[in-house]
**Q** 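Once you've had a glance at the structure underneath, I'll fire off some questions.
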Amino acid sequence: MEYVSLTRSLLVSRLCFGSLTVGPLQANLPVERGAEVIAYAFSRGVNFLDTAQLYENYDYIRRALELSGHPDVIISSKTYAYTKELAEEAVEEARRSIDRDVIDIFMLHEQESEHTLRGHAEALDYLFECRERGIIRAVGISTHHVAAIRGVLKLGLPLDIVHPIYNMRSVGIADGDASDMRAAMSDAKSAGIGIFAMKPLGGGHLIADAKAALDFVLDTDCVDAVAIGMQSEDEVDANIAYFESRKFPPKAEKALAEKRRRLIIEDYCQGCGACAKRCRRGALSTVDGVTVCDNEKCVLCGYCVSACPVFAIKVI
Ligand code: SF4
Ligand code: SF4
């Protein structure tokens with residue numbers, strides 16, 4: 001496994017375990033089972049895991065750390081908080097639920113531009129204060145918008161990390177394409193900010209072309225590490241094999257080629273529209289009480305799943 005300096009003090013495996021996939025918004029594995037998969041990745045040298053307050057999977061991570069004997073792995077979380085109080089709640093929830101005094105990385109979730117950064121200034125200032133106090137080691141933002149990285153640079157924010165969506169077909173990049181995102185990431189990197197990319201497979205859309213899609217991201221100089229969602233030991237093995245040799249084992253290649261991910265809206269949907277409000281990609285719309293998904297816009301993140309009061313949405 002290759003390790004890189006994401007910041008001056010954070011040495012991470014280039015492969016980051018994207019944990020959204022094991023939890024309630026996606027595979028919804030039983031906690032013990034999801035924890036076993038995460039612990040397996042730790043045992044194979046992955047020392048970097050990404051989560052979020054929204055993912056509701058801190059109990060998986062806590063259990064994985066217990067199963068692994070509390071290894072010195074890097075945990076990254078994020079929150080939509082925009083006030084100091086909400087940010088404090090988010091940080092304390094993570095520390096309490098994961099049972100760790102220090103959360104290595106804390107980010108503002110899904111920032112869009114200098115305007116949303118200004119709107120979240122109170123929360124961001126609180127995260128900087130936590131960094132001063134040593135209960136967070138690095139502060140960042142996650143984003144699907146080129147303009148958010150440009151905003152960080154324009155405002156001169158003292159961030160350690162940005163976590164942008166980046167893939168070869170520009171899937172999910174809200175305001176430009178992969179070359180725009182690469183230019184913004186490169187400028188951020190030159191400003192001393194660590195880059196930890198997400199959705200190299202476009203949330204599953206590029207899975208049949210996984211090797212080319214991952215080559216594209218790993219060959220981008222300014223990308224330090226990449227978060228990839230995994231749901232089983234076989235997927236952990238396949239990704240580790242790829243990161244070590246730039247090739248998937250033949251069995252994994254076949255499984256990836258056959259894998260299709262999609263979003264399902266069950267017919268007991270009540271047409272309330274709550275999911276459409278949650279989706280920031282504008283992929284969901286409710287017409288005459290029927291909710292439909294625009295697959296061109298959907299990045300299969302599963303964020304809409306928890307917004308549905310009747311559990312009618314599934315990402316499989
Ligand atoms: S429809 Fe749901 S899964 Fe698709 S992008 Fe929107 S929030 Fe994510
Ligand atoms: S939140 Fe659930 S019930 Fe409401 S429109 Fe969406 S899928 Fe249907």
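Predicted model, so just to flag it, every value in this text is computed and none were measured. When a ligand or atom number is given, it counts from 1 through the structure's own listing order. By convention here, the first residue in the shown sequence is residue 1.
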**Q** Under 4.0 Å from any heavy atom of C304, which atoms of ligand 1 are there?
**A** 1 (S), 2 (Fe), 3 (S), 7 (S)
**Q** I'd like to know if the side chain of R278 and the backbone of Y303 have a donor-acceptor N/O pair within less than 3.5 Å.
**A** yes
**Q** Under 4.0 Å from any heavy atom of L284, which atoms of ligand 1 are there?
**A** 1 (S)
**Q** Give the single entry among L25, N295, V299 that approaches atom 5 (S) of ligand 1 most closely by any heavy atom.
**A** V299
**Q** Between Y3 and F48 (judged by ring centroids, cut-off 6.0 Å), do the two rings come close enough to count as a pair?
**A** no
**Q** Between T291 (side chain only) and V287 (backbone N and O only), is there a donor and an acceptor less than 3.5 Å apart?
**A** no
**Q** Donor-acceptor pair, distance only, cut-off 3.5 Å: does the side chain of Q111 make one with the backbone of T143?
**A** no
**Q** With P164 as reference, evaluate I173, V223, I141, I149 under the side chain to side chain contact (heavy atoms under 4.5 Å, CB included) test and give the passing residue.
**A** I149
**Q** Determine whether the aromatic ring centres of H70 and F42 lie less than 6.0 Å apart.
**A** no
**Q** Quick check on contacts: which atoms of ligand 1 are under 4.0 angstrom from a heavy atom of G302?
**A** 3 (S), 8 (Fe)
**Q** Between D50 and A227 (side chain of the first, backbone of the second, donor and acceptor by atom type, cut-off under 3.5 Å), is there such a pair?
**A** no
**Q** So, at under 2.8 Å, which protein N, O or S atoms would a careful student list around atom 2 (Fe) of ligand 2?
**A** C308 SG
**Q** In ligand 1, which numbered atoms sit nearer than 4.0 Å to a non-hydrogen atom of R281?
**A** 5 (S)
**Q** Which one of G172, C298, A283, G203 has a non-hydrogen atom at the shortest distance from atom 4 (Fe) of ligand 1?
**A** C298
**Q** Spell out, as yes or no, whether a donor-acceptor pair under 3.5 Å connects the side chain of S13 to the backbone of N47.
**A** yes
**Q** With a 6.0 Å cut-off (strictly less than), is the heavy-atom count around CZ of R8, excluding the residue itself, greater than 12?
**A** no
